[in-house]
Number of protein chains: 4
Amino acid sequence: MAVHSTASKRKRAPDKRDRILKAAIKVFAQNGFYATRVSEIAKAAGVADGTIYLYFKNKDDVLITIFEEGIGRLLTILREVAESDEPFENRVTSIIELQLGLLEEQRDLAEVITVNLRQSSRLLKQYAAPLFMQYIEVIAGVVREGQEAGAFRQDLNPRVVARSLFGAIDAILLTWALGEGDPPALRKAGTHCASLFLEGLRKR
Amino acid sequence: MAVHSTASKRKRAPDKRDRILKAAIKVFAQNGFYATRVSEIAKAAGVADGTIYLYFKNKDDVLITIFEEGIGRLLTILREVAESDEPFENRVTSIIELQLGLLEEQRDLAEVITVNLRQSSRLLKQYAAPLFMQYIEVIAGVVREGQEAGAFRQDLNPRVVARSLFGAIDAILLTWALGEGDPPALRKAGTHCASLFLEGLRKR
Amino acid sequence: MAVHSTASKRKRAPDKRDRILKAAIKVFAQNGFYATRVSEIAKAAGVADGTIYLYFKNKDDVLITIFEEGIGRLLTILREVAESDEPFENRVTSIIELQLGLLEEQRDLAEVITVNLRQSSRLLKQYAAPLFMQYIEVIAGVVREGQEAGAFRQDLNPRVVARSLFGAIDAILLTWALGEGDPPALRKAGTHCASLFLEGLRKR
Amino acid sequence: MAVHSTASKRKRAPDKRDRILKAAIKVFAQNGFYATRVSEIAKAAGVADGTIYLYFKNKDDVLITIFEEGIGRLLTILREVAESDEPFENRVTSIIELQLGLLEEQRDLAEVITVNLRQSSRLLKQYAAPLFMQYIEVIAGVVREGQEAGAFRQDLNPRVVARSLFGAIDAILLTWALGEGDPPALRKAGTHCASLFLEGLRKR
DNA sequence: CATGAATGAGTATTCATTCAT
DNA sequence: TATGAATGAATACTCATTCAT
């Protein structure tokens with residue numbers, strides 16, 4: 001009764017929170033935040049409605065958590081790429097591929113983030129906007145460094161470039177998500193997009 | 001009593017529909033579609049709640065109308081530019097400036113369209129997606145023609161370029177809308193964006 | 001300009017009130033009082049919505065008027081029959097045939113009265129119940145007189161007989177109205193009903 | 001702790017559905033279906049508005065359920081009487097007394113059924129009419145058998161007799177319900193009604 | 001910790017009624 | 001008188017949240 005059962009006794013369901021988040025990402029992606037009922041999340045997660053409130057303050061909090069942890073995860077990886085010592089061109093390409101690649105595996109997360117980033121509920125904007133800006137800032141950082149290092153032309157505002165790049169990737173993902181979306185097509189689109197931006201950025 | 005005053009003969013205000021649409025654009029931009037109450041639209045339009053239902057089937061119909069007429073207006077102007085006989089570079093620049101310029105004057109419309117295009121309500125997607133695709137197609141057309149005419153490099157998929165361009169503009173507008181957004185800043189961002197894409201597209 | 005046009009000048013539409021009432025009877029019979037929109041009455045009468053309020057205080061008033069004038073008309077005829085000097089058996093038969101016959105021609109009025117008599121809106125009950133009671137009372141009067149004259153058995157409460165008779169006719173009409181309802185069938189049902197009641201009433 | 005108390009183990013009240021139905025019967029009888037607010041039903045049942053929707057699809061569904069279960073209950077008992085091996089006269093008398101007697105104890109149910117049976121909402125008629133016809137048919141069956149067995153005169157259409165009997169009882173109940181309605185008066189009216197019909201039906 | 005029945009605040013929509021023309 | 005566009009009060013129903021078990 002002792003020893004070997006220790007682990008399984010402590011917090012039997014430390015994964016419930018995760019299951020709820022994963023389920024929420026799925027249904028938010030499918031139906032949007034407002035059209036999603038809390039009971040749908042619960043059902044998708046295989047828990048009771050009330051259980052969700054043991055892990056989250058309310059429905060908003062679920063979305064906010066997805067934002068924070070989701071974008072957070074993206075940011076972490078993004079920063080690694082951005083701060084690597086690869087040539088700047090490679091870093092830009094990696095950023096694009098990474099996002100597309102990562103999101104290809106986490107398509108729902110992408111959908112939730114890009115779709116709901118724009119929901120205009122004051123509360124959500126409050127949380128989402130700064131995270132979005134951080135995201136942009138990391139990309140802008142790479143551009144800026146590239147400019148300083150003489151790899152990129154210097155007459156472009158790094159933030160504008162970063163926003164453009166983000167928007168381009170986002171739009172490609174959106175169209176891909178709206179259509180049938182086969183992975184190879186997405187990858188090829190990424191290559192073209194990278195080429196377009198790198199030529200646009202190249203110092204002459 | 002003067003020259004027959006045609007204008008003064010109208011019964012009530014025949015512009016109610018317009019007032020409602022304008023008001024809706026304003027409040028949707030401010031609070032988002034879902035968070036906006038029909039009564040708020042009515043109040044902003046200076047009409048009674050019920051009046052809205054004399055002109056629109058329901059709340060959804062108001063948004064759909066904004067989409068259709070708003071994007072429709074954009075499309076018309078866009079097509080003129082796209083089919084002009086200016087050099088291709090100029091057309092691309094015009095497309096960007098035109099959109100940013102037009103929307104600068106109609107910031108709320110921009111917000112509504114870009115923000116809500118992605119809302120996942122099935123109904124709305126049904127209406128919005130085809131319009132969005134048309135939009136992309138017009139831009140892609142210019143790119144394609146430019147490629148065929150030898151003005152642009154030919155190794156890029158025109159649709160991917162179009163999506164990237166759309167996304168870039170969209171993201172710039174979004175950031176601008178999220179921030180304080182002064183018009184000069186937007187204009188300058190547009191110039192940089194244009195330069196970035198034109199260099200990226202240039203045949204070498 | 002004078003003489004011959006006098007009549008047509010005075011109150012051009014003294015029939016509007018009638019048209020509205022007739023239209024109301026039709027649509028009330030079809031859809032019931034609550035499910036009928038004032039605009040439907042107006043449309044059926046070929047007048048504008050507002051016109052109804054020139055002749056009636058409100059929607060309730062339209063129904064009340066139908067009750068009063070409709071039952072009033074029935075009562076007048078009924079009283080003539082009830083107070084005739086025919087044999088009592090004939091009077092009872094006439095009452096049945098008259099109602100069925102009259103209503104056959106005014107099926108909608110019948111429907112409105114019998115259906116809506118039972119609507120439980122306080123206001124309507126207030127108006128309808130006394131009229132209903134008068135109606136019953138006229139029939140009861142015939143029974144009572146018949147009893148006093150020795151034509152009918154005297155052990156039955158005249159009011160109970162009157163209610164039973166009214167109810168029987170009402171139910172026959174209702175079933176007839178719910179079904180296909182061809183006039184001959186209704187007439188035959190009336191004959192059977194009369195025979196049933198007359199045998200039941202006969203003094204032995 | 002005592003003998004296992006089965007009853008006390010139930011979560012909440014499992015009788016909510018019944019309480020809602022009973023409350024609905026009461027308020028429908030009082031105010032009519034259309035004039036009754038859902039919140040009034042809820043208040044009368046001592047539950048929250050939303051609770052009603054846990055047990056019924058909508059307001060219509062509450063009324064339909066009352067019809068079905070109410071008339072259903074009546075039908076069950078009616079059939080027992082109709083198919084008993086009592087003399088036919090007794091069966092007819094029982095049918096009358098049973099209805100009046102049963103309804104005397106369930107005055108509100110009577111009111112709801114008889115009043116609203118005729119409401120012309122298409123939906124309701126759809127549900128109510130067939131039940132009504134079944135009801136008539138059971139009574140007609142007794143008459144028909146009585147005729148075949150030689151107990152009743154054979155020149156009357158059993159269905160017409162059944163409708164007349166139903167209508168008579170209905171009208172008596174209606175008057176009783178509209179007035180103060182003391183039970184003894186109702187019982188006496190029933191006796192008179194039975195006598196009237198039995199004499200009317202008697203073979204001579 | 002987990003449940004899910006119950007709650008009741010919140011809102012789109014309808015429609016009787018008004019009134020400027 | 002007659003019109004019908006405009007009004008806004010009124011209400012069925014939904015769904016996030018709670019809490020007794």
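Naming: A, B, ... by sequence-line order, numbering from 1 per chain. These values consider heavy atoms only, across backbone and side chains, with no hydrogens, waters or symmetry-generated copies.
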* Asked: In dot-bracket notation, what is the pairing pattern of DNA chain F, taking Watson-Crick (N1-N3 plus N6-O4 or O6-N4) and G-U wobble (N1-O2 and O6-N3) contacts under 3.5 Å, with [ ] crossing and | for other strands?
  -> .||||||||||||||||||||
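Place D:Leu54 and A:Gly46 on DNA chain E by their nearest nucleotides, and A:Gly46 ends up nearer the 5' end. Of the two residues near DNA chain F, C:Thr51 and A:Ser39, the one whose nearest nucleotide lies more 5' is C:Thr51. If D:Lys57 and A:Lys57 are placed on DNA chain F by their nearest nucleotide, the residue sitting closer to the 5' end is D:Lys57.
Between F:dT1 and C:Tyr55, no contact under 4.0 Å exists linking OP1 or OP2 to a side-chain N or O. Using a 4.0 Å cut-off, some side-chain N or O of A:Lys16 falls inside it from OP1 or OP2 of E:dA2. Proximity of D:Tyr53 to the phosphate of E:dG8: no side-chain N or O atom is located under 4.0 Å from OP1 or OP2.
In this entry the distance linking CD of B:Glu40 with C1' of E:dA12 reads 13 Å, nearest Å. Whole-Å rounding puts the C:Asp60 CG to E:dC15 P distance at 16 Å. Distance CZ (A:Phe33) to C1' (F:dC15): 13 Å, rounded to an integer number of Å. Regarding B:Ile52, its CD1 atom lies at a distance of 15 Å from the C1' atom of F:dA5, rounded to whole Å. Atoms CG (B:Asp61) and P (E:dA12) sit 15 Å apart, rounded to a whole Å. Between the CZ atom of D:Arg19 and the C1' atom of E:dA6 there is a distance of 11 Å, rounded to whole Å. At whole-Å resolution of the value, CZ in A:Phe28 and P in F:dA16 are 9 Å apart. Atom P of nucleotide E:dT14 and atom CG of C:Asn31 are separated by 17 Å, given to the nearest angstrom.
Taking 4.5 Å as the limit, some side-chain heavy atom of D:Glu40 sits within range of a side-chain heavy atom of D:Arg37. At least one side-chain heavy atom of D:Val62 sits less than 4.5 Å from a side-chain heavy atom of D:Phe28.
Remark: B:Asn31 CG to B:Thr36 OG1 distance equals 4.5 Å, nearest 0.5 Å. Rounding to the nearest 0.5 Å gives a distance of 12.0 Å between CD1 of C:Ile25 and CD1 of C:Ile20. Expressed to the nearest 0.5 Å, how far CZ of A:Phe67 lies from CZ of A:Phe132 amounts to 11.5 Å.
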Between protein and nucleotides 9-11 of chain E, what N or O pairs are separated by less than 3.5 Å?
unit_1	atom_1	unit_2	atom_2	d
E:dT11	OP1	B:Arg37	NE	3.0

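Nearest heavy-atom pair, D:Ala23 versus D:Ile41, reported as atom, atom and distance to 0.1 Å: CB-O, 3.8 Å. Scanning both residues, B:Ile52 and B:Val38, for their nearest heavy atoms gives CD1-O, 3.7 Å. Contact detail for D:Lys59 and D:Phe33: the closest heavy-atom pair is NZ-O, 3.0 Å.
Between C:Glu68 and C:Arg73, no side-chain nitrogen of the basic residue sits less than 4.0 Å from a carboxylate oxygen of the acidic one, so the salt-bridge criterion is not met.
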